[in-house]
**Student:** 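Here it is, the structure, as structure tokens.
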Amino acid sequence: MAFWKPGTEKPRFEEDGEGGIVFMSNNLASSSSSSYGYANIEKQRQRLPVYKYRTEILYLVENHATTIIVGETGSGKTTQIPQYLKEAGWAEGGRVIACTQPRRLAVQAVSARVAEEMGVNLGEEVGYTIRFEDHTTSGVTKVKFLTDGVLIREMMEDPLLTKYSVIMIDEAHERSISTDILLGLLKKVSQSNIVLVIQRRRPELRLIISSATIEAKTMFNFFNPSKKRHAPEGSAPGPKLEPAILSVEGRGFSVKIHYVEEPVSDYIRSVVSTILLINEREPPGDVLVFLTGQEDIETAIKLLEEEAHSNQKNSSGLLPLPLYSGLSRSEQDLIFTPTPRGKRKVILSTNIAETSLTLEGVVYVIDSGFSKQKFYNPISDIESLVVAPISKASARQRSGRAGRVRPGKCYRLYTEDYFLNQMPGEGIPEMQRSNLVSTVIQLKALGIDNILGFDWPAPPSPQAMIRALEVLYSLQILDDDAKLTSPTGFQVAELPLDPMISKMILASSELGCSDEIITIAAVLSIQSVWIIARGVQKEQDEAKLRFAAAEGDHVTFLNVYKGFLDSKKPSQWCYKNFLNYQSMKKVVEIRDQLKRIARRLGITLKSCDRDMEAVRKAVTAGFFANACRLEPHSNGVYKTIRGSEEVYIHPSSVLFRVNPKWVVYQSIVSTERQYMRNVVTINPSWLTEVAPHFYQNRQNAMSF
DNA sequence: GAGCACTGC
């Protein structure tokens, strides 16, 4: 065995001589298998591309505070690197190796795999933590997988993350808000002047950032300390502060890329004709199509079905299947059933298949070049979903989905010139496209006072920051000095919710309706309780009417929840009422969690029985900034009180076409119009009652 | 008359 062990001589490298960036030579390690019981698993592990770099990875981690590992999918880095670290002794002496993932499902899947490879029970030596599920054993767990959101929460208790020896941030290229917060915090922990003290106290803390090629340089620059601010290398003991970069190839099959010669004017029609072309000319293999949303997907399926009627030859054997998050579990499961003999599955998907779901059997990918992306306008404080061109990084990710089982083909419905010269290299980090109230609260709770000066991988706009501070100030979560108020601010930071929802819960304590409001809070913090009923909208509307409350959606949710609890067979009951059973189970789970936290915060759980005015007042106390008034003599046009934006009640709301004079909404979805989602009627006098500081200067605008 | 995708003590 030629593995390098910490403390011995340096292994062979190619160095570029520039500030510590190290690119690895591809020296193959000799393959030797252990003679113990897990020979088979050992062999499999050794066949992974990352295995060749084991020695180098351990060397770099030993000698650099931060190691950036660039690896394509299939390299095995996620499952292997934590094991290498453990084998090299990083988990000795009660220390823990952490590996974060952006998604819960990935955490569960990866930890199960690693436990199996190590021949241990999941939850013991290898464990995982996600919201609601802690499968770790204190003092026993040595390798721990967790979502990056959970690690941020852990930092609120233990800002220096003292129990960890190595923290691996996986999938950092996705640049989710949580990942970016973590990167900013970890840089602070491992490098800043204050924490240099900590580095001396625990010189063993190491970071591994795992990222796709395209983002590696960004990560390097972010973690490379400015030379001016730091003492010269060698004056302090411990690892080098300059990050190391190591590149690991993947194990995907080759994918041949096809471009269109001329830009297409209608990508849905192009998708359909490309599917027919593949079906006519290419050998068997499933097709995965990336479109922007449900509407695109349904249009494309309709066109395919029309084609099947008029031209049986080209479209014979095609099995079109939609895939997007709003589908029920059973509809999504159709995607994973084996393709029937002589058939060709055509999966028409949103971005969900880009990262969150892996589909086996896909050989052909069709990339429309677009996706729906979230954007935030700090002036109007409105987040919207906009169809926008994807980045090169996304395009590569999409085409890679064709090469998982054998060499594949990807048809890009844009020109090569566009890809090379116009397509942006990377997407805009989520941090720069979002409302930041939750982010600001989290940083404040971590004791970071200078939010505007925080060192982000991608700093958000000052306007967005200032807007978030304003909103938190108006909610009395921050005081005049932008510090957390006591107790409100600290309580809000404890609750894993949007601060407006948290404020609503705190208000309900005084209004005597916390029992109802906690249910509402749980429903508001998931996507939707309703399934997306294709072709049966009428039936769903009728089902909704059975729960509908004149007061609005929030009160309707209380009726839905009550019905769910009272039902004998909840899954059938949900199906009958066009409700998403998975979502309802999640509501129950979140509600339990909120109940526990509320109890700890000293909120007494109290029901207001039929007093829906208390419930509406509590909602107003959290969402007063989202108050709207119906324009007189208009057909359902509302104006926001704050910004006089023109908005409409969303057709999914029980108040659609009812158009009460005064409402508050939870959020806006901005498509062709700006629609208010989750709307409740209010009495405008409550606005000045619950938020006098916010409304005292707006009396004229309100004129009630 | 309409909903990209994730996530959190």
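Residue numbers start from 1 in every chain, and the chains themselves are labelled A, B, ... in the order their sequence lines are given, proteins ahead of strands.
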**Student:** Under 4.0 Å, counting only non-hydrogen atoms across every strand here, what does A:Q373 touch: a base, just sugar-phosphate, or nothing?
**Tutor:**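 The residue A:Q373 makes no contact with any strand.
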**Student:** Can you list everything that forms a ring-ring contact (aromatic ring centres under 6.0 Å, His included) with A:F370? Sequence neighbours excluded, please.
**Tutor:**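 Result, ring-ring contact (aromatic ring centres under 6.0 Å, His included) vs A:F370: A:Y267.
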**Student:** Taking any heavy-atom pair under 4.0 Å as a contact, classify A:E174: base, sugar-phosphate, or nothing.
**Tutor:**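 Here A:E174 touches no strand at all.
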**Student:** In this structure, how many angstroms lie between the P atom of B:dG8 and the CG atom of A:D592, rounded?
**Tutor:**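 Result: 16 Å.
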**Student:** Taking any heavy-atom pair under 4.0 Å as a contact, classify A:V150: base, sugar-phosphate, or nothing.
**Tutor:**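 Sugar-phosphate: the residue A:V150, judged by heavy atoms under 4.0 Å, touches backbone atoms but no base.
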**Student:** Please tell me if the side chains of A:M219 and A:L183 come closer than 4.5 Å, counting only heavy atoms from C-beta onward.
**Tutor:**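 When only atoms from C-beta onward are counted, A:L183 and A:M219 do touch, with a gap below 4.5 Å.
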**Student:** The side chain of A:Q294 lies closest to which of these nucleotides: B:dA2, B:dG3, B:dC9?
**Tutor:**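 From the listed options, B:dG3 comes nearest.
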**Student:** Does atom CZ of A:R269 have more than 12 heavy-atom neighbours, drawn from other residues, nucleotides or ligands, at distances under 6.0 Å?
**Tutor:**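 No, the 6.0 Å shell around CZ holds no more than 12 heavy atoms from other groups.
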**Student:** Contact class for A:I352 vs. all strands (heavy atom < 4.0 Å): base, sugar-phosphate, or nothing?
**Tutor:**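 Sugar-phosphate contact only.
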**Student:** Figure out the CZ/P separation between A:R673 and B:dG3, and round it to whole Å.
**Tutor:**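 Going from A:R673 (CZ) to B:dG3 (P), I get 12 Å.
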**Student:** Out of B:dG3, B:dC9, B:dA5, which nucleotide sits closest to the side chain of A:Y324?
**Tutor:**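 The answer is B:dA5.
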**Student:** On the nucleotide B:dT7, are OP1 or OP2 found under 4.0 Å from the side-chain N or O atoms that A:R153 carries?
**Tutor:**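 No, because none of the side-chain N or O atoms of A:R153 sits under 4.0 Å from OP1 or OP2 of B:dT7.
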**Student:** Any N or O donor-acceptor pair under 3.5 Å from the base of B:dG8 to the side chain of A:D148?
**Tutor:**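 Looking at the base of B:dG8, it does not pair with any donor or acceptor on the side chain of A:D148 (distance under 3.5 Å).
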**Student:** Quick one: is B:dA5 close enough that its OP1 or OP2 comes under 4.0 Å of any side-chain N or O from A:S325?
**Tutor:**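 Yes, A:S325 has a side-chain N/O under 4.0 Å of OP1/OP2 on B:dA5.
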**Student:** Quick one: A:Q332 CD to B:dC4 P, roughly how many Å, whole number?
**Tutor:**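 Checked: the CD to P distance equals 14 Å.
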**Student:** What is the distance, to the nearest angstrom, from the CG atom on A:L323 to the P atom on B:dC4?
**Tutor:**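 Rounding to the nearest Å, CG of A:L323 and P of B:dC4 are 13 Å apart.
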**Student:** If each of A:I597 and A:R677 is mapped to the nucleotide of DNA chain B with the nearest heavy atom, which maps nearer the 5' terminus, i.e. the 5' end?
**Tutor:**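 The residue closer to the strand's 5' end, by nearest nucleotide, is A:R677.
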**Student:** Can you tell me how far C1' of B:dC6 sits from CD1 of A:I590, to the nearest Å?
**Tutor:**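 In whole Å, B:dC6 C1' and A:I590 CD1 are 13 Å from each other.
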**Student:** Students often get this wrong, so: under 4.0 angstrom with heavy atoms, is A:Y675 touching a base, only sugar-phosphate, or nothing?
**Tutor:**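 Sugar-phosphate, backbone atoms only, no base.
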**Student:** Under 4.0 Å between a side-chain N or O of A:T350 and OP1 or OP2 of B:dA5?
**Tutor:**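 Answer yes for this pair, as a side-chain N or O of A:T350 is under 4.0 Å from OP1 or OP2.
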**Student:** Tell me what A:D296 touches on the nucleic acid: a base, only sugar-phosphate, or nothing, going by heavy atoms under 4.0 Å.
**Tutor:**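 No contact.
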**Student:** With a 6.0 Å cut-off (strictly less than), is the heavy-atom count around CG of A:N635, excluding the residue itself, greater than 12?
**Tutor:**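 Not buried by this count: 12 neighbours or fewer within 6.0 Å.
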**Student:** For A:F578, does the six-membered ring have the charged nitrogen or CZ of A:K544 within the cation-pi criterion, i.e. under 6.0 angstrom from the centroid and within 45° of the normal?
**Tutor:**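 Geometry flag: not set, cation outside 6.0 Å or 45°.
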**Student:** Grab the CZ-P distance between A:R657 and B:dG1 for me, whole Å please.
**Tutor:**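 Roughly 6 Å, once rounded to whole Å.
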**Student:** So what does A:R103 touch, heavy atoms closer than 4.0 Å: a base, only the sugar-phosphate, or nothing?
**Tutor:**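 The residue A:R103 makes sugar-phosphate contact but no base contact.
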**Student:** Please classify the nucleic acid contact of A:L497 as base, sugar-phosphate, or nothing, using heavy-atom distances under 4.0 Å.
**Tutor:**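 Contact class for A:L497: base.
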**Student:** Can you tell me how far C1' of B:dG1 sits from CG of A:N659, to the nearest Å?
**Tutor:**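 It works out to 13 Å between those atoms.
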**Student:** Decide if atom OH of A:Y575 counts as having more than 12 heavy atoms of other residues, nucleotides or ligands within a radius under 6.0 Å.
**Tutor:**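 12 or below, so no.
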**Student:** Is the distance from OP1 or OP2 of B:dG8 to the nearest side-chain N or O of A:T147 less than 4.0 Å?
**Tutor:**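 Result: yes.
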**Student:** In whole angstrom, what separates A:Q537's CD from B:dA2's C1'?
**Tutor:**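 These atoms are roughly 9 Å apart.
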